[in-house]
Peer 1: 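Let me begin by handing over the structure; questions about it come next.
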Amino acid sequence: MTEFIIRTIELGGLFGIFVLMALENIFPPLPSEIIMGLGGVAVARGTMDYWPLLVVGSAGTTLGNYWWYWICDRWGRTRLEPFVARHGRWLTMDWHDVERAQAFFRRHGPWVVFAMRFTPVLRTLISIPAGLLHMGTTRFLVYTFAGAFVWNLLMVELGRRLARSQELLGWLVLAIFVVAIGGYLWRVATWKPRNRD
C-alpha cells in the first residue's frame with residue numbers, strides 16, 4: 001500500500017501535492033502526515049525536490065484553510081450556524097464547538113492560527129473563529145503558511161529519514177490511516193448535538 005501511495009504522489013508531482021494538501025484541510029480525513037511524509041520518501045529517492053515540495057505543500061495547506069476562513073468571514077454567524085446545525089454530524093461539531101473555538105481565539109489571540117498547525121483537527125477548526133472574528137486576511141495567510149511550513153518540514157524530514165526502513169514506514173503509514181479514518185468514523189457514529197441528552 002505504501003509503495004502505491006508513493007508512486008501516486010510521484011505521478012501527481014507538485015500539482016498533486018498542492019491539491020491533496022488543500023483537500024486535506026477541506027474534507028476530513030486526509031492526513032497531511034502521510035502526504036508530506038511520503039513526499040519526503042520521494043525526495044530521498046530523487047523523484048521530487050525538497051524545497052519545492054515544502055513550498056507547494058504549505059501553499060496547498062494555506063489554500064485549504066483559507067477556504068474555511070473565507071466562508072466564515074463572508075457568511076458570519078447568521079448563515080454559518082444553520083449550516084453547522086444541518087451538517088454537524090459530518091463536520092463532527094455543533095455550534096457549541098464553534099463558540100468554544102471563538103472564545104479560545106479571543107483569549108489567546110491570532111497567533112493561535114500558527115500554533116494550531118501542529119495539532120490534528122484543531123489546525124483546520126481554528127480557521128473558523130479566525131474568519132468569524134474577521135482576523136486580517138494577510139495575517140491569517142502568513143500565520144497559516146508559516147505554521148504549515150514548519151509542520152511540513154518535520155513531516156518531509158521524517159519521511160526522508162525513514163525512506164530506507166520500508167517495513168517500519170509501512171506500519172507507520174497504516175497506523176496513521178487507521179487513527180485518522182477510524183477516529184473520524186467513530187466521531188461521526190457517536191456524534192450528537194449538545195441539546196440532546
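For clarity, every value in this text was computed on a predicted model and none was experimentally measured. By convention here, the first residue in the shown sequence is residue 1.
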Peer 1: So which atom in Ala59 and which in Phe145 form the shortest heavy-atom distance, rounded to 0.1 Å?
Peer 2: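 Heavy-atom minimum between the residues: N-CE1, 3.7 Å.
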Peer 1: Within the side chain of Trp67, is there an N or O that forms a donor-acceptor pair under 3.5 Å with the backbone of Asn25?
Peer 2: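 Not a single qualifying donor-acceptor pair exists.
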Peer 1: Any heavy-atom pair between the side chains of Leu91 and Phe83 that's under 4.5 Å?
Peer 2: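 Yes, at least one pair of side-chain atoms sits under 4.5 Å.
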Peer 1: For Tyr143 and Val112, run side chain to side chain contact (heavy atoms under 4.5 Å, CB included): C-alpha distance rounded to whole Å, both residues' side-chain angles, the deciding distance at 0.1 Å, then the answer.
Peer 2: CA-CA 9 Å; Tyr143 283 12; Val112 297; over 6 Å; no
Peer 1: Quick one: NZ on Lys192 to CZ on Arg89, what's the gap to the nearest 0.5 Å?
Peer 2: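 Here the rounded value is 10.5 Å.
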Peer 1: What class does the angle between the rings of Trp111 and His108 fall in, given that below 30° is parallel, 30 to 60° is tilted and above 60° is perpendicular?
Peer 2: perpendicular
Peer 1: If two hydrophobic side chains count as joined below 4.5 Å and joins carry through other members, does Trp70 share a cluster with Trp68?
Peer 2: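 Yes, one cluster joins them.
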Peer 1: With side chains defined as the heavy atoms from C-beta onward, is the minimum distance between Phe177 and Ile34 less than 4.5 Å?
Peer 2: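 Counting from C-beta outward, Phe177 and Ile34 do come under 4.5 Å.
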Peer 1: With sequence neighbours left out, which residue pairs that include part of residues 70-82 fulfil the salt bridge (charged side-chain N to carboxylate O under 4.0 Å, His left out) condition?
Peer 2: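 As it turns out, the salt bridge (charged side-chain N to carboxylate O under 4.0 Å, His left out) pairs with a partner in residues 70-82, which skip direct neighbours, are Arg77-Glu81, Arg77-Glu99.
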Peer 1: When rounded to the nearest 0.5 angstrom, what is the spacing between CG in Leu38 and CD1 in Ile9?
Peer 2: 4.5 Å
Peer 1: Using the ring pair (Phe, Tyr, Trp, His ring centres under 6.0 Å) criterion, which residues pair with Tyr50? Sequence neighbours excluded.
Peer 2: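 In terms of ring pair (Phe, Tyr, Trp, His ring centres under 6.0 Å), with neighbours along the sequence ignored, Tyr50 is linked to no residue.
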Peer 1: Taking all atoms of both residues into account, what is the closest heavy-atom pair of Leu132 and Gly76, and its distance?
Peer 2: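 Taking Leu132 first and Gly76 second, the nearest heavy atoms are CD2-C, 3.7 Å.
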Peer 1: May I have the step-by-step check of side chain to side chain contact (heavy atoms under 4.5 Å, CB included) for Ile181 and Tyr184, ending in yes or no?
Peer 2: CA-CA 5 Å; Ile181 296 174; Tyr184 173 73; 5.8 Å; no
Peer 1: Taking all atoms of both residues into account, what is the closest heavy-atom pair of Pro129 and Gln102, and its distance?
Peer 2: CB-CA, 3.7 Å
Peer 1: Between Trp191 and Trp186, is there shared hydrophobic-cluster membership here, with clusters defined by ILVMFWY side-chain heavy atoms closer than 4.5 Å?
Peer 2: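 In one cluster: no.
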Peer 1: Test of understanding: with side chain to side chain contact (heavy atoms under 4.5 Å, CB included), list the residues that count as partners of Leu11, not counting sequence neighbours.
Peer 2: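 With sequence neighbours excluded, Leu11 shows a side chain to side chain contact (heavy atoms under 4.5 Å, CB included) to no residue whatsoever.
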Peer 1: Got a second to check how far Leu53's CG is from Met155's CE, nearest 0.5 Å?
Peer 2: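 Going from the CG atom of Leu53 to the CE atom of Met155 covers 12.5 Å.
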Peer 1: Do Val179 and Leu174 belong together in a cluster built from hydrophobic side chains that touch within less than 4.5 Å?
Peer 2: no
Peer 1: Rounded to the nearest 0.5 Å, how far does CD1 of Ile17 lie from CE of Met36?
Peer 2: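 So the gap between those two atoms works out to 6.0 Å.
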Peer 1: With sequence neighbours left out, write down each residue that passes side chain to side chain donor-acceptor pair (under 3.5 Å) with Thr47, or none if nothing qualifies.
Peer 2: Glu10
Peer 1: Can you tell me how far the CG atom of Leu172 sits from the CG atom of Leu168, to the nearest 0.5 Å?
Peer 2: 6.0 Å
Peer 1: With sequence neighbours excluded, what pairs up with Thr62 under the side chain to side chain donor-acceptor pair (under 3.5 Å) test?
Peer 2: none
Peer 1: Run the side chain to side chain contact (heavy atoms under 4.5 Å, CB included) check on Val41 and Arg45 step by step: do they pass?
Peer 2: CA-CA 6 Å; Val41 174; Arg45 293 181 174 185; 3.9 Å; yes
Peer 1: Quick one: list whatever passes side chain to side chain contact (heavy atoms under 4.5 Å, CB included) with Arg164, sequence neighbours left out.
Peer 2: none
Peer 1: Pairs of donor and acceptor atoms involving the side chains of residues 114-122, under 3.5 Å and at least two apart or interchain, shall be tabulated with distances.
Peer 2:
residue, atom, partner, partner atom, Å
Arg117, NH1, Asn65, OD1, 3.3
Arg117, NH1, Arg123, O, 3.1
Thr119, OG1, Met116, O, 2.9

Peer 1: Please report the closest heavy-atom contact between Ala148 and Thr61, naming both atoms and the distance.
Peer 2: CB-CG2, 3.6 Å
Peer 1: Taking all atoms of both residues into account, what is the closest heavy-atom pair of Leu63 and Ala22, and its distance?
Peer 2: CD2-CB, 4.3 Å
Peer 1: Output all residues satisfying ring pair (Phe, Tyr, Trp, His ring centres under 6.0 Å) with Phe140, sequence neighbours left out; order by chain, then residue number.
Peer 2: Tyr69
Peer 1: Is it true that a side-chain atom of Asp97 and a backbone atom of Arg100 form a donor plus acceptor pair closer than 3.5 Å?
Peer 2: no
Peer 1: Who are the side chain to side chain donor-acceptor pair (under 3.5 Å) partners of Arg139, not counting sequence neighbours?
Peer 2: none
Peer 1: What residue pairs, at least two apart or across chains, pass ring-ring contact (aromatic ring centres under 6.0 Å, His included) with a residue in residues 147-171?
Peer 2: none
Peer 1: Using the rule that Ile, Leu, Val, Met, Phe, Trp and Tyr join whenever any side-chain heavy atoms are under 4.5 Å apart, tell me whether Ile35 and Val150 fall into a single cluster.
Peer 2: yes
Peer 1: For Arg161, enumerate each residue passing the side chain to side chain donor-acceptor pair (under 3.5 Å) test, keeping only those at least two apart in sequence or located in another chain.
Peer 2: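 Glu157.
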Peer 1: Report the distance from atom CG of Leu125 to atom OG1 of Thr92, rounding to the nearest 0.5 Å.
Peer 2: 9.0 Å
Peer 1: Residues two or more places apart in sequence or in another chain: which of them pass salt bridge (Lys or Arg N to Asp or Glu O under 4.0 Å) with Asp49?
Peer 2: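 Applying salt bridge (Lys or Arg N to Asp or Glu O under 4.0 Å) to Asp49 gives none.
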